Enquirer: 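Please read through the structure below; I'll follow up with questions.
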Amino acid sequence: MLDIQLLRNHLAAVVARLETRGATLETTSFLALETERKDLQTRTQDLQARRNSLSKQIGQLKARGEDSTGAMQEVAGLGDALKHSEERLAVVLEEINAFVATVPNLPHESVPIGTSDAGNVEVKRWGNPRSFDFAAQDHVDIGAALGGLDLDVAVKISGARFSVMKGGVARMHRALAQFMLDTHTGEHGYTEVYAPYLVNAKSMFCTGQLPKFEEDLFGVLRDGADKLYLIPTAEVPVTNIVRDQILGAEALPLKFVCHTPCFRSEAGSYGRDTRGMIRQHQFDKVELVRIERPEDSWAALKELTAHAEAILELLDLPYRRMALCTGDMGFSSAKTYDLEVWLPAQNAYREISSCSNFEAFQARRMQARFRGDKGKPELVHTLNGSGLAVGRTLVAVLENYQQADGSVIVPQALRPYMGGLERLAPASESRL
RNA sequence: GGAAGCGUGGCCGAGCGGUUUAAGGCACCGGUCUUGAAAACCGGCGAUGGGCAACCAUCCGUGAGUUCGAAUCUCACCGCUUCCGCCA
């Protein structure tokens with residue numbers, strides 16, 4: 001959420017900045033609401049002040065045993081006007097809040113201007129895509145040959161966009177998550193977190209998924225209880241850890257890593273990436289979350305992105321880093337780097353991580369603050385990034401490490417997590 | 001699932017219809033003292049919003065209600081604790 005003061009005092013500048021990301025603000029209705037709010041607020045407060053002082057007089061008169069009917073009559077006359085004014089003010093404030101809650105974050109000044117992913121800028125490239133002396137297969141065929149990936153049976157069990165893994169492939173999927181967690185906790189200083197996969201609407205609001213993107217979520221209804229939502233990313237429960245808190249300055253930064261399944265309805269992406277495990281309703285992800293002092297958040301974004309890149313480098317997977325343009329960034333983000341891994345079968349780089357600085361946007365929704373040097377509570381900055389999407393990392397390993405005979409070499413870094421296994425081979429699959 | 005109790009500022013905790021302008025303590029900040037620190041003493045110290053200065057309003061889990069006036073009384077909901085039952 002943007003600071004309401006920014007909208008009140010610098011509306012034109014905010015509008016211009018948001019236009020770069022394709023967002024249009026309904027300024028006319030906002031300004032009308034603000035005018036009414038200002039008027040109602042002063043009127044309400046004047047009436048309240050009058051009521052309070054009269055009520056105090058009544059108390060004092062009664063304590064002295066004097067007559068208080070005059071004051072009683074005057075305050076009775078206030079009643080209707082005050083009630084009316086308070087109720088209308090509550091409605092207007094609610095409408096203003098609802099409006100502000102739908103306004104996306106301002107892009108940082110360093111974000112390239114653009115209207116779609118075509119405007120994203122490559123800022124780094126690492127590794128050399130391998131050249132194959134045979135026809136490279138995609139992960140669906142590789143996985144099927146290994147007997148380790150069955151998308152048809154997943155359709156039977158759940159429907160499209162789910163997968164069933166078995167044997168060595170399932171084990172590699174698990175190994176990848178363990179490897180990522182160990183690297184981030186052991187090498188990068190993150191604290192491992194286990195968090196709920198079902199969260200309430202408030203949590204979804206605070207990180208920015210609600211109210212605008214309900215259609216992207218899976219909801220769970222229960223008799224007589226509030227609706228819960230399946231998390232689309234661990235960002236939601238982990239960032240909400242600091243909701244409604246005033247942290248000591250010495251507590252910062254907080255660095256969390258959390259491995260969870262993620263659930264996305266993928267509404268609006270019909271027909272995209274229908275083949276294989278690239279776009280699923282359920283996928284695992286290891287997420288990095290950081291709570292920072294405002295002055296440290298930009299350095300933290302660089303560091304967090306490098307931590308995600310370290311996983312790709314340890315797995316020796318070629319990738320590039322993209323600075324997302326204004327038109328391609330998520331609702332809550334001030335700046336985002338996407339990491340894209342090389343997929344031989346697609347002959348393309350595909351997103352495998354997204355690292356963002358939200359500045360105070362989520363913190364303001366959450367009322368997540370710390371007590372800084374000035375002694376006053378200040379909003380923290382929040383960041384997160386995938387470190388990495390586990391399913392897509394598995395896809396990348398299968399495709400980049402495939403051999404002519406249909407086997408897949410296990411990356412060195414993963415072998416300790418797979419009992420020293422060096423290769424996934426079709427013939428050996430049943431014994432795993 | 002049953003019973004009882006409890007939700008007050010960063011933390012602990014008093015207050016149970018009108019000198020509450022929310023006591024007191026801890027923590028924190030400033031000062032005195034000290035070579036320095038600690039202790040002691042003195043002073044300051046909640047959040048949000050409106051004017052942006054004085055000041056005013058709102059906030060005691062959330063929401064309704066009673067009242068001239070609610071942290072305080074009523075109702076509903078949420079959460080926590082303890083005991084019993086059930087359970088991985």
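None of the values given here were measured: they were computed from a predicted structure. Lettering of chains follows the sequences in order, A, B, ..., and the numbering in each one begins at 1.
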Enquirer: Quick one: is the NZ or CZ of A:R365 closer than 6.0 Å to the six-membered ring centre of A:F205, and within 45° of its axis?
Expert: yes
Enquirer: Just verifying a value: how many Å separate A:R161 CZ and A:E266 CD, rounded to the nearest 0.5 Å?
Expert: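 Here the rounded value is 6.0 Å.
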Enquirer: How long is the straight-line distance from NZ of A:K255 back to CD1 of A:I291, given to the nearest 0.5 Å?
Expert: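 It comes to 13.0 Å.
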Enquirer: Pick the C1' atom in B:G61 and in B:G51, then give their distance to the nearest Å.
Expert: 32 Å
Enquirer: Looking only at side-chain N and O atoms, does A:E235 offer a donor or acceptor that is under 3.5 Å from a partner on A:T207?
Expert: no
Enquirer: Looking for any heavy atom pair under 4.0 Å, which part of the strands does A:Q5 touch: base, sugar-phosphate only, or nothing?
Expert: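 Result for A:Q5 = sugar-phosphate.
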Enquirer: Between C1' on B:G69 and CG on A:L82, what's the gap in Å once rounded to a whole number?
Expert: 12 Å
Enquirer: Choosing from B:G50, B:C68, B:U58, which nucleotide comes nearest the side chain of A:Q48?
Expert: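 The answer is B:U58.
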Enquirer: Report the distance from atom CD of A:E87 to atom P of B:G63, rounded to the nearest whole Å.
Expert: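 Whole-Å distance recorded here is 15 Å.
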Enquirer: Using a heavy-atom cut-off of 4.0 Å across all strands, would you classify A:I246 as base, sugar-phosphate, or nothing?
Expert: sugar-phosphate
Enquirer: Closest nucleotide of RNA chain B for A:T44 versus for A:V75: which of these residues is on the 5' side?
Expert: A:T44
Enquirer: Using Watson-Crick or G-U wobble geometry with both distances below 3.5 Å, tell me the partner of B:G1, or none.
Expert: B:C84
Enquirer: Taking the same atom, P, in B:G17 and in B:C6, what whole-Å distance lies between them?
Expert: 16 Å
Enquirer: Could you identify the nucleotide paired to B:G46, looking across every strand shown and requiring Watson-Crick or G-U wobble geometry with both distances under 3.5 Å?
Expert: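 Pairing partner, where one exists within any strand: B:C59.
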Enquirer: Assess whether one donor atom and one acceptor atom, taken from the side chain of A:Q245 and the base of B:G10, lie less than 3.5 Å apart.
Expert: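 Not at all, since no donor on one side and acceptor on the other fall under 3.5 Å apart.
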Enquirer: How long is the line joining CZ of A:F370 and P of B:G46, in whole Å?
Expert: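 The answer, rounded to whole Å, is 19 Å.
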Enquirer: Quote, to the nearest angstrom, the P distance that separates B:G31 from B:U19.
Expert: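 Nearest-Å result for B:G31 against B:U19 at atom P: 37 Å.
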Enquirer: Take atom NZ of A:K202 and atom P of B:G79, then tell me their distance rounded to the nearest Å.
Expert: 14 Å
Enquirer: Are any of the side-chain heavy atoms of A:L217 and A:P232 separated by less than 4.5 Å?
Expert: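 Sidechains of A:P232 and A:L217: in contact.
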Enquirer: Can you check the A:K376 NZ to B:G44 C1' distance for me, whole Å?
Expert: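 Whole-Å distance recorded here is 12 Å.
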Enquirer: Atom CD1 of A:I58 and atom C1' of B:G69: how far apart are they, to the nearest Å?
Expert: 7 Å
Enquirer: For nucleotides B:U20 and B:G69, find the distance between their C1' atoms and express it as a whole number of Å.
Expert: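 Pairwise C1' distance, B:U20 against B:G69, rounds to 13 Å.
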Enquirer: So which nucleotide from B:G50, B:A57, B:C68 ends up closest to the side chain of A:K38?
Expert: B:G50
Enquirer: Applying a 3.5 Å limit to both distances, which nucleotide forms a Watson-Crick or G-U wobble pair with B:C6?
Expert: B:G79
Enquirer: Please determine, for the side chain of A:R51, which listed nucleotide (B:C56, B:C68, B:U58) has the closest atom?
Expert: B:U58
Enquirer: Assign A:R369 to base, sugar-phosphate, or nothing according to its heavy-atom contacts below 4.0 angstrom with the strands shown.
Expert: sugar-phosphate
Enquirer: Closest-nucleotide mapping onto RNA chain B: is A:S53 or A:K56 further toward the 5' terminus? I mean the 5' end.
Expert: A:K56
Enquirer: With a 4.5 Å cut-off on side-chain heavy atoms, are A:V238 and A:E287 touching?
Expert: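 They are not in side-chain contact.
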Enquirer: Hey, does A:R50 reach any base, or is it just sugar-phosphate, or nothing, if we go heavy atoms under 4.0 Å?
Expert: nothing
Enquirer: Using the C1' atom on both, measure B:G49 against B:A38 and round to a whole Å.
Expert: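 Result for the C1' pair: 42 Å, nearest Å.
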Enquirer: Check every strand shown and say whether A:N52 touches a base, only sugar-phosphate, or nothing at a heavy-atom separation below 4.0 Å.
Expert: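 The residue A:N52 makes sugar-phosphate contact but no base contact.
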Enquirer: Grab the CD-P distance between A:E34 and B:G50 for me, whole Å please.
Expert: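 It works out to 8 Å between those atoms.
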Enquirer: With P as the reference atom in both, quote the distance from B:C28 to B:A37 in angstrom, rounded to an integer.
Expert: 15 Å
Enquirer: In Watson-Crick or G-U wobble terms, both distances under 3.5 Å, what is the partner of B:C73?
Expert: B:G65
Enquirer: Could you tell me the separation between the CG atom of A:D226 and the C1' atom of B:U62, rounded to a whole number of Å?
Expert: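 To the nearest whole Å, that distance equals 12 Å.
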Enquirer: Of the candidate nucleotides B:G10, B:C68, B:A57, which contains the atom at the shortest distance from the side chain of A:Q45?
Expert: B:A57
Enquirer: Determine the Euclidean distance between corresponding P atoms of B:U72 and B:A54; express it in Å to zero decimal places.
Expert: 31 Å
Enquirer: Is the number of heavy atoms from other residues, nucleotides or ligands under 6.0 Å of A:K212 NZ greater than 12?
Expert: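 Yes - once you tally the heavy atoms of other residues, nucleotides and ligands closer than 6.0 Å, there are more than 12.
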Enquirer: What's the gap between B:A14 and B:G9 when it is taken at their C1' atoms, as a whole Å value?
Expert: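 One C1' to the other, the span is 14 Å.
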